[in-house]
Each structure stands twice: as C-alpha cells, then as structure tokens.
K.L.:
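Sharing a structure here in structure tokens format.
The sequence lines fix the lettering, A, B, ..., with proteins before strands; numbering per chain opens at 1.
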Amino acid sequence: MSVNVEVSEVLLGIADLLELKSERFKPEAYRRAARSILGAGEDLRTLRQNDLLGAIPGVGEAIRRKIEEYLDSGKVEYYERLKQEIPPGVLALMRIPGVGPKTASRFYRELGIDSPAALLDAIGHDRLSGVAGFGPRKIQNLRRDLEKASGTVARRLPLRTAWAIAQGVVRAIVAAALVDQVEIAGSLRRRRESVGDIDILATSGSPGAAIETFAKLPGVRQIVVKGETKCTVILDPGIQVDLRVVPPESFGAALQYFTGSKDHNVRLRTWARERGLKINEYGVLRGEVRVAGATEEEVYRALDLPWIPPEIRENQGELDGAALGRVPSLVNLSDLRGELHQHLLGSDGELSEMAAGATRQGLQYVGVVLPGPHEGTDWTRRVRRLRSEWPAKGGPAAPRLLVGYEAPLGEIEAMRELPPGVDYLVGLPGDGTPRPPAPAPTERVPFFPWFLGHLRFATDPSEPIGERASPWIEWGRNVGVALEVTPDGPMDGLDSGSIRRAVDAGTSLVLSAGSKAVGDFADLELSIGLARRGWTHADRILNAAPDPASGRPTNAR
DNA sequence: GCCGTTTTCGGCCCGACTGTTTTCAGTCG
Ligand SMILES: Nc1nc2c(ncn2[C@H]2C[C@H](O)[C@@H](COP(=O)(O)OP(=O)(O)OP(=O)(O)O)O2)c(=O)[nH]1
Ligand SMILES: [Mg+2]
Ligand SMILES: [Mg+2]
C-alpha cells in the first residue's frame, strides 16, 4: 500500500474517533487533509524531502507533524491513544448506512453495543424498541442492512468498468424519454481512476416521473433514497447510482455542484460567500436574485473565474490559478491524430473495421502492433500482408497504417535497427518490473520512435503504482521513450499522479484506447481524461503529432 | 485543525431525504 494511502487511513481514523467524541470541525479538518493527500499525486516522502508537506491543502503544523511521525515510525501516537478510548467495533458501526457518529456513540454509551454483530444481536433480542429515536422503520432498516452487509466491504470501481455501466444507465434513462439534458457527474466526470459510485444529473419537465422510472430500471436491486429531486439505487452487482434531477435553468449550477470535488465546491462556495453571493445546486444568488445557473461557465464567471476543466477540480491549486486567470490548456480528444496500440485478432475483415472505427473517431493513422519473432520469411509475409490488406484505397479520409513491433524491453533495448517494414517499437517491461535498466550511454541509443506499453506496475490494487512508476518516468525522459496511458486503471498504465509527474519531468506519453473489440476507439476518451487529470498539454503526447514515427527522438532533451 | 481577495483569530458550504418528531436531528451527497 502506498504510504499516502496509509497516512490517509490514519487521518480518517482520527477523524472518526474525534467525531465519536463530538469534536466539532476537527474531524472535517482531518478528512480534508486525508482527501488532499490522496489527491496530491506525489509520494509523501518525496514531498517531505522537498519540505512541501505543508503545501498540501489542509495540512498545517499539527497534521504535518503527524505525517512525519508516521513516516519515521509507522505509527501516530495521538491515533494510538484515541483508539484506546473506543472499541474498534464502534467504528465499524459507523460504516452501516445511515449510522453516523451520533447514533454509533448512543449505541455504545446507552446500550453497550460495541460492534455490528452486537447490534444485530440486540435487535434480535428486541433491545432497541422503545429507545428514544428508534422507531420500527429504523430498526427494520438496520436489521436488513446488517444481514446484507455481513462480510461485504465497500469497494471502489475501476474507472473503465464504472464508465461502461454508467453509459448503459444513461442510455436507459434517455430511452425512457422523460429527461432533457443528461450528464454523468461526480468522480466519473472528473475521471478519477476509481470511483465510489455513479453520479448522474438530468433536467426534466416531469422530475417525479423521471425519478420513478429511474428507480424501476432493470437491474435495480435496492432503492436507498427516493425524493422529489434525487434518487439513490443499488444495482445488482452492488453498485450505487445517484440520480439528481433539476430544472433546466439550474443545469449549470447543478452540474458544477454534482461534479465536485467536494473540496473544490466548498472552496468555491466560501469565495462566493465572501463576495456576498451564495452558490447552491440551483444557481448563484445575490440575496433572492439568481445571477447565474444555466451553465457552468456562468457559475464560474459570477465569481470572475474562468471555467475550470472537471478533471482538475480537486482543490489542488486549480482554483488559485483560476483566480489569477490561469487555467492550464489541456489535451482534448480532438487533439489525437492516431492510435498506436492495436492488435490483430485474426478475424475476417478486421482491418477494414479498424480503419472504419478510426475514421469515425477522427483518427488519421492507426498503429498495428505485431509480436515477434521478427526474422525470416514468415515475418516478411506477415508485414507485407498487413500492409497490402489495409484499406488504403478508402479515399483521402482513410487512416494511414503504421506498423509497430513489440517485444520484452531487453530485446527492444538491444535493437540497433528497426525490423523490416516496422515504423516504431513497443517495449514491454513486464508485470511489476520494479526498476528500469540503467540508461544506455547516449551514443548507443538509436533514435527509434518507441514507447513502453502494457505497463502494469502493480499486480494488486493495494500496491503503490505511483512509487513504482517514478523511476520509469525518469528513465523515459533520459532515454527518450514515451510511456503508455491506457483507460484500464487503476492497476494498468499510469495513474494521474504519475502522469502529472511525467508531464513535469518532460517525459512523453502515448494515449491508447485499450480496444476490447476491433475498431473500438471510444475509450480513448478515458485515457484523455486521465491525461487531463495529470494537467497534460497536447504537445506531450506522441499520438497527437501528425507523424509520430518520423524518427525524431520522442522527447526534447 | 486549518487558514487569510478586508481576519494570524474567528470563523468553518449548502441542501435533500428519512424517521421521528410535533418542529427537527442525523446522515448523506
Ligand atoms: N457542496 C458540497 N458538495 C458535495 C458534498 N459532498 C458531495 N458533494 C458533491 C461533489 C461530489 O463530487 C458529488 C458527488 O458526491 P460523491 O459522494 O458521489 O463524491 P464523488 O463522486 O466526488 O466521489 P466518489 O468516487 O463517489 O467517492 O456531490 C458536500 O459535502 N458539499
Ligand atoms: Mg460519486
Ligand atoms: Mg454520489
């Protein structure tokens, strides 16, 4: 587990314990610091070396000291002391839906209940009925959730999985024809590598009917909450989906609210308040008068801010930049000229499908990557056939074919010339490869265009990707090789923190579609999103260039 | 505990939904 995750968990634990002690403001301060550390995208040890721990938003003197204590000793004394005061099972009570610090501490203090199992037992023995504030509905809901939740852990979903499910839900909502505008919001719109739930915003002339329809969608296992403007359901695989419905004139304000992040929202709302304005999901208000709300641009403009791309709304400096009129210019889907990591499956007509898919996506070239061996007549035949069967005669719009050769990194590194018919190389470091080879002396490095592909720095989601990616990023810059970004996450390819470090270091990137079907380039949108989260400009991206295989070094030195 | 587009001290975002209440606390987004 990365040290950032470990420290975040300690801080969240402190927050829970303080909240059980009815402490005000401190719990939120610890939670904000924890979120900020996760979103920082830089290893805490590195930040500490550069004396930058205090630069993390929400980390001040006291939390900085606790982080240092953890880095030095693996423990935080304050946390250990707090834990002595409250049994661990009481914290587990707070994970039950609808049970917060107030309820959990009442269970413990008034009824001696110190774990979810003890709660279920108490309900079984009817010890809750008659206790003030616990009516039959609450008891019934608790029983249901306790029986259901035993053994299950709340898990976050990989971006790509959530994206596919969300598309399906959106299609179903649109098909029901009760909504006008629909947009995916929340962490999915911000393209976080993993998301806790799926958030969807809609406008509708008949919000009540829209919500009823949503709650009855096929695959809905449980309706968690359902009201006039919002509905939360659990889908069959145990995935939570939040739908929020607002009137059209509030769409922009609601999208801004529902996209988050929470810390971005809170900061924005605080700025508004300081200017005598109020921001909520219905608009920006001066007194009773709404001065903005239909579009996000309006909302930000009401605070004299430029629109901020969703992918960087993490309160990690984007607001301070925007206040100075500075918003980074990020790579767009339309900047991509091609895709460099397609494989052949051997199916009939796959090349025309691939070319057609590329054309639909507006791509000018497609790189088909062949595995070895690259010698002998067999290889020559494969390449010749590929080139001759590529539908080049499809008119001026037809994408060009590039041919790549992929092999284990050691083989690629040792190559002194490109195999016959090949335009570029793809080096495969292998799963979990901890360190790159020593950089070759400059004069021995031929300037072939190439990149590192199929990156898998972790073989388990708990492993620290960012930490393992760092030496490769540096190596990539020094050797002049790009690193691949795929939409798969969070274990494959680069995470956005690593991407941001790569951008800062001057390492180039290749954005791939991770195609699961021939000619399917749609998930390039997710790779773009990850690159945007890493504050990437188009000039850092190899396949945003008109001719990525021109033979130039892939990086400016 | 953190922080500064009038504060280095005094504030700390704002609203929906539920269950229980006879007017709102708690939880969640
Ligand atoms: N103003 C404000 N907005 C919030 C708050 N909590 C959540 N939001 C907004 C911003 C979030 O991005 C959005 C959706 O909430 P979620 O809990 O689903 O969070 P998010 O999607 O960002 O992350 P997730 O991956 O779901 O954990 O609602 C809050 O306390 N205040
Ligand atoms: Mg969410
Ligand atoms: Mg949500």
K.L.:
Choose from B:dG19, B:dC14, B:dG29 the nucleotide whose nearest atom is closest to any side-chain atom of A:Phe258.
P.N.:
B:dG29

K.L.:
Counting side-chain heavy atoms from CB outward, which of B:dG1, B:dT20, B:dG29 is closest to A:Arg137?
P.N.:
B:dT20

K.L.:
Cation-pi check, A:Lys66 to A:Tyr70: give yes when NZ or CZ is under 6.0 Å from the six-membered ring centre and within 45° of the ring axis, no otherwise.
P.N.:
no

K.L.:
How would you label the contact of A:Lys26 with the nucleic acid (heavy atoms, under 4.0 Å): base, sugar-phosphate, or nothing?
P.N.:
base

K.L.:
Identify the two heavy atoms, one from A:Glu228 and one from A:Pro207, that lie closest to each other, and give their separation to 0.1 Å.
P.N.:
O-CB, 4.1 Å

K.L.:
Does B:dC3 have a Watson-Crick or wobble mate here (both distances under 3.5 Å), and if so which one?
P.N.:
B:dG10

K.L.:
Within the 4.0 Å heavy-atom criterion, would you say A:Asn265 contacts the bases, only the backbone, or no part of the nucleic acid?
P.N.:
nothing

K.L.:
One thing to verify: whether A:Glu525 and A:Arg191 come together as a salt bridge, which I'm taking to mean a side-chain N less than 4.0 angstrom from a carboxylate O.
P.N.:
yes

K.L.:
Provide the distance between the two P atoms, one in B:dC13 and one in B:dT5, to the nearest whole Å.
P.N.:
15 Å

K.L.:
Have a look at A:Ala323 and say if it touches a base, only the backbone sugar-phosphate, or nothing, with a 4.0 Å heavy-atom cut-off.
P.N.:
base

K.L.:
Between B:dG19, B:dT27, B:dA16, which one does the side chain of A:Pro101 approach most closely?
P.N.:
B:dT27

K.L.:
Check the phosphate of B:dC28 against A:Gln240, side-chain N and O only, distance under 4.0 Å to OP1 or OP2. Yes or no?
P.N.:
no

K.L.:
Among A:Lys102, A:Arg31, A:Arg24, which residue satisfies the side-chain hydrogen bond (donor to acceptor under 3.5 Å, both in side chains) criterion with A:Glu19?
P.N.:
A:Arg31

K.L.:
Could you tell me the separation between the CZ atom of A:Arg64 and the P atom of B:dG1, rounded to a whole number of Å?
P.N.:
14 Å

K.L.:
Check every atom of B:dC17, B:dC14, B:dT27 against the side chain of A:Thr103 and return the nucleotide holding the closest atom.
P.N.:
B:dT27

K.L.:
Please report the distance separating the C1' of B:dC12 from the corresponding atom of B:dT7, rounded so that it comes out in whole Å.
P.N.:
13 Å

K.L.:
By centroid distance (under 5.5 Å) and plane angle (under 30°), are A:Phe25 and B:dC2 in a stacked arrangement?
P.N.:
no

K.L.:
Side chains of A:Ser496 and A:Glu193 only: does a donor on one sit below 3.5 Å from an acceptor on the other?
P.N.:
yes

K.L.:
Looking at the side chain of A:Thr229, which of B:dG29, B:dC17, B:dC13 is the nearest nucleotide?
P.N.:
B:dC17

K.L.:
In whole Å, I'd like the distance from the CD1 atom of A:Ile56 to the P atom of B:dG1.
P.N.:
17 Å

K.L.:
Out of B:dC2, B:dA16, B:dC13, which has the shortest distance to the side chain of A:Arg32?
P.N.:
B:dC2

K.L.:
With a 4.0 Å cut-off on heavy atoms, is A:Arg244 in touch with a base, just the backbone sugar-phosphate, or nothing at all?
P.N.:
sugar-phosphate

K.L.:
Rounding to the closest angstrom, what is the interatomic distance between B:dT8 and B:dG1 at atom C1'?
P.N.:
14 Å

K.L.:
On DNA chain B, does the nearest nucleotide to A:Gly100 precede the nearest nucleotide to A:Ala62 from the 5' side, or the other way round? Give the residue.
P.N.:
A:Ala62

K.L.:
Tell me whether B:dT21 sits syn or anti, counting syn as a glycosidic angle within 90° of 0.
P.N.:
anti

K.L.:
Using a heavy-atom cut-off of 4.0 Å across all strands, would you classify A:Glu28 as base, sugar-phosphate, or nothing?
P.N.:
nothing

K.L.:
Base, sugar-phosphate or nothing for A:Lys278? Non-hydrogen atoms, less than 4.0 Å.
P.N.:
sugar-phosphate

K.L.:
Taking atom C1' of B:dG15 as reference, at what distance in whole Å does atom CZ of A:Arg273 sit?
P.N.:
14 Å

K.L.:
Using whole Å, what does the distance between atom P of nucleotide B:dC12 and atom CG of A:Leu268 come to?
P.N.:
17 Å

K.L.:
For the P atoms, the ones on B:dC28 and on B:dT23, what distance do you get once it is rounded to whole angstrom?
P.N.:
25 Å

K.L.:
For B:dG29 versus B:dT22, give the span between their P atoms, rounded off to a whole number of Å.
P.N.:
28 Å

K.L.:
Taking atom types as modelled, is there a side-chain donor on A:Arg269 or A:Asn280 under 3.5 Å from an acceptor on the other?
P.N.:
no

K.L.:
Distance criterion of 3.5 Å, no angle test: do you see the side chain of A:Tyr257 paired donor-to-acceptor with the base of B:dG29?
P.N.:
yes

K.L.:
In whole angstrom, what separates A:Leu128's CG from B:dG19's C1'?
P.N.:
14 Å

K.L.:
Which nucleotide wins on minimum distance to the side chain of A:Glu228, given the candidates B:dC13, B:dT5, B:dC17?
P.N.:
B:dC17

K.L.:
Roughly how many Å apart are B:dC9 and B:dC17, using the C1' atom of each and rounding to a whole number?
P.N.:
36 Å

K.L.:
Between B:dG1, B:dG19, B:dG26, which nucleotide has the shortest distance from any of its atoms to the side chain of A:Ile63?
P.N.:
B:dG1

K.L.:
Please state how far atom CD1 in A:Ile200 lies from atom P in B:dG29, giving the value in whole angstrom units.
P.N.:
15 Å

K.L.:
What's the CD-C1' distance between A:Glu274 and B:dC3, to the nearest Å?
P.N.:
10 Å

K.L.:
Roughly, in whole Å, what's the span from NZ in A:Lys226 to C1' in B:dG19?
P.N.:
16 Å

